[in-house]
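Structure first, then comments.
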Protein chains: 2
Amino acid sequence: MARVLIVEDEPDLQQVLEYNLRQAGHDVTVASRGAEGLRVAREQRPDLVLLDLMLPDMQGTEICRALKSAPETGGISVVMVTAKGEEIDRVVGFELGADDYVVKPFSVRELLLRVGAVLRRAQQPAEENAIQFGALKIDRAAHRVWINGAEVDFTPLEFRLLVTLYERRNRVQTRASLLDDVWDVQAELTTRTVDTHVKRLREKLGPVRDYVETVRGVGYRFVGSPAEAGR
Amino acid sequence: MARVLIVEDEPDLQQVLEYNLRQAGHDVTVASRGAEGLRVAREQRPDLVLLDLMLPDMQGTEICRALKSAPETGGISVVMVTAKGEEIDRVVGFELGADDYVVKPFSVRELLLRVGAVLRRAQQPAEENAIQFGALKIDRAAHRVWINGAEVDFTPLEFRLLVTLYERRNRVQTRASLLDDVWDVQAELTTRTVDTHVKRLREKLGPVRDYVETVRGVGYRFVGSPAEAGR
DNA sequence: AGGAGATGTGACAGCTCCGTGACGACACAG
DNA sequence: CTGTGTCGTCACGGAGCTGTCACATCTCCT
């Protein structure tokens, strides 16, 4: 299905990742050290690199930056595997251009979902990476949003919420499932937290706030007629 | 909400798990020994198995593998409960296809969150979302209804009632069974409440109000000739 | 035709749910 | 240390939803 390079020093985790990605039908290569990973990535140009943030010889961030900044390897998708769930790690990961991340301990299902989503996105770069939806434009890679051509700042959380809502557009998403997808599973939060962030999202969405609809008693729904999409 | 099988030998933990999962509205079965757990899982086909890694007679991993590798039981979600937080345990658990795990000691809240998340994910693709029935169109995922192409707003209760009636179409449903299916289990309501909501449903159904028939002395029935379906 | 029981209808009060603004905790930058 | 930005929680209030009741209408039986 796709060629995946795993850069991970911990043998157990390495094995889990390799096993499950193979199961999912991918062509897998493994590297234990950062330098080795970077070399293999440059030589083989895989479709996706699964990259541990902490490696014995160098930081995963360096590898990510090195890959993303070079034109030959810039097209390779990067998913970061982070040990700590700290927000800072995620932000830094994204700032470096990583396409997504998973936080240890993660469920296999989650990992495969994220890897699958990133690969799918990369396959149709023009359409999927830059989302244009009516007056709303989202660049996932750059983490930027424009409304009627004017750029609007979104916090990392708001951005994730917006993208998550968009990805399952025209489907109601319960507060619980949004908490699953936008926040960590282990996060113990009130469902009302979702309300507050939807409110903040709508404020920033301004003229296109109606794209996010409330479905009373159920959850939220991103909505838009197909005619509006891809414009 | 869902049928959960607990396979756990330690009586205290068994009790805690059972109690809390019942509180969360699940239908719980308990097994103390691995062989028993495997047998019950095969017979009852629960939605989810909460599986202790260490059992007196066999390893939880064996049970997990046995369930996941057989087509009949492969769809059952498995959440592992591990005594030690060692990475190796997780690895083994995931390699075998467990959907998630919790490490003892765990907070009850975290357990419930993970169980809920796993169930929600497993549920998602199973449902058939688009229903078209003559002039009536129902999108369950989006929670939207159209009549002759025009969208009509339904309250959460009305929507559930409509879908429930539709699902058992051409079969009479008593007021009592509708109360069970549409309302909360513990709700103690007058059967007349059903009448009122059927009335409201019919109002909104307008031209297709005749899809909901009254069966005097028994209950209500959603009807439609097969020719009308799937249009 | 008349009556009893079942069902339809309209009104209403109570309640749930959601939007909103405010606040405190926390992390980070200067 | 202080200022700034982000995030989670809470309390309030309004809008919408829902259960119940009383009464009207209908259906079936005698």
Side-chain angles (χ1 to χ4, degrees), chain A residues 82 84-95 103 143 145 152-162 164-165 172-176 178-206 209-221, chain B residues 109 113 143 145 152-162 164-165 172-176 178-206 209-221:
Chain A
T82 71
K84 313 160 195 166
E86 294 164 79
E87 193 68 25
I88 179 63
D89 291 348
R90 309 176 188 173
V91 176
V92 171
F94 277 124
E95 275 175 5
V103 179
H143 263 232
V145 177
V152 180
D153 276 338
F154 283 81
T155 71
L157 187 61
E158 286 161 0
F159 188 85
R160 280 181 69 88
L161 180 58
L162 177 60
T164 303
L165 285 167
V172 178
Q173 298 182 69
T174 65
R175 292 175 173 74
L178 284 170
L179 282 175
D180 288 347
D181 296 339
V182 179
W183 284 262
D184 284 342
V185 179
Q186 60 257 41
E188 301 183 1
L189 301 173
T190 320
T191 53
R192 298 306 312 276
T193 298
V194 180
D195 298 37
T196 300
H197 284 283
V198 167
K199 175 212 163 205
R200 289 171 181 157
L201 190 61
R202 281 174 173 158
E203 273 175 16
K204 293 193 179 176
L205 285 174
R209 62 180 292 138
D210 292 342
Y211 283 168
V212 180
E213 282 186 349
T214 305
V215 181
R216 196 183 164 84
V218 186
Y220 294 99
R221 168 178 64 194
Chain B
R109 188 169 164 76
L113 282 169
H143 248 249
V145 177
V152 180
D153 276 336
F154 283 82
T155 71
L157 188 63
E158 288 160 0
F159 189 84
R160 285 202 304 272
L161 180 58
L162 175 61
T164 304
L165 285 168
V172 182
Q173 298 183 73
T174 65
R175 292 176 173 74
L178 284 171
L179 281 175
D180 283 348
D181 295 341
V182 178
W183 279 261
D184 286 343
V185 185
Q186 68 236 39
E188 295 179 7
L189 303 172
T190 320
T191 55
R192 298 307 315 277
T193 299
V194 180
D195 298 36
T196 300
H197 285 283
V198 167
K199 173 218 161 202
R200 288 171 182 160
L201 190 60
R202 282 173 172 159
E203 270 176 19
K204 294 193 178 176
L205 285 175
R209 63 182 291 136
D210 293 343
Y211 283 168
V212 180
E213 274 187 354
T214 305
V215 181
R216 193 181 167 81
V218 187
Y220 296 97
R221 172 173 57 192

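Numbered from 1 within each chain, the chains take letters A, B, ... in sequence-line order.
Distance CG (B:Leu189) to P (D:dT18): 12 Å, rounded to an integer number of Å. Protein atom CD of B:Glu213 is 13 Å distant from nucleotide atom P of D:dT27, rounded to whole Å. Computed from coordinates, the B:Trp183 CH2 to D:dG19 C1' distance equals 10 Å when rounded to whole Å. Taking atom CZ on B:Phe159 and atom C1' on C:dC17, their separation rounds to 18 Å, with Å as the unit. Taking atom CG of B:Leu201 as the reference point, atom P of D:dC17 lies 14 Å away to the nearest angstrom. A:Leu179 places its CG atom 13 Å from the C1' atom of D:dC7, with the value rounded to the nearest Å. With rounding to whole Å, B:Asp153 atom CG is found 13 Å from D:dT18 atom P. Distance, A:Arg160 CZ to D:dC7 P: 11 Å, rounded to whole Å.
The nearest pair of heavy atoms linking B:Phe159 to B:Phe154 is N-CB, 4.2 Å.
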Pairs under 3.5 angstrom, nitrogen or oxygen only, protein versus nucleotides 7-13 of chain C, please.
unit_1 : atom_1 : unit_2   : atom_2 : d
C:dT7  : OP1    : B:Gly217 : N      : 2.7
C:dT7  : OP2    : B:Arg175 : NH1    : 3.4
C:dT7  : OP2    : B:Arg175 : NH2    : 3.4
C:dT7  : O5'    : B:Arg175 : NH2    : 3.3
C:dG8  : OP1    : B:Arg202 : NH1    : 2.7
C:dG8  : OP1    : B:Thr214 : OG1    : 2.6
C:dG8  : OP2    : B:Tyr220 : OH     : 2.6
C:dG8  : N7     : B:Arg192 : NH2    : 3.0
C:dG8  : O6     : B:Arg192 : NH2    : 3.1
C:dG10 : N7     : B:Lys199 : NZ     : 3.4
C:dA11 : N6     : B:Arg200 : NH2    : 3.4

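No salt bridge links B:Asp181 with B:Arg160; every basic N to acidic carboxylate O contact stays at or beyond 4.0 Å.
With B:Arg221 contributing its side chain and B:Val215 its backbone, the two residues share no donor-acceptor pair below 3.5 Å.
With rounding to the nearest 0.5 angstrom, the CG atom of A:Leu205 is 9.0 Å from the CD atom of A:Glu158. To the nearest 0.5 Å, atoms CG (B:Leu179) and NE2 (B:His197) are separated by 9.5 Å. Atom-to-atom distance recorded for B:Lys199:NZ and B:Glu203:CD is 4.5 Å, nearest 0.5 angstrom.
Phosphate contact (OP1/OP2 of D:dG19, side-chain N/O of B:Thr190, threshold under 4.0 Å): absent. Using a 4.0 Å cut-off, no side-chain N or O of B:His197 falls inside it from OP1 or OP2 of D:dT18.
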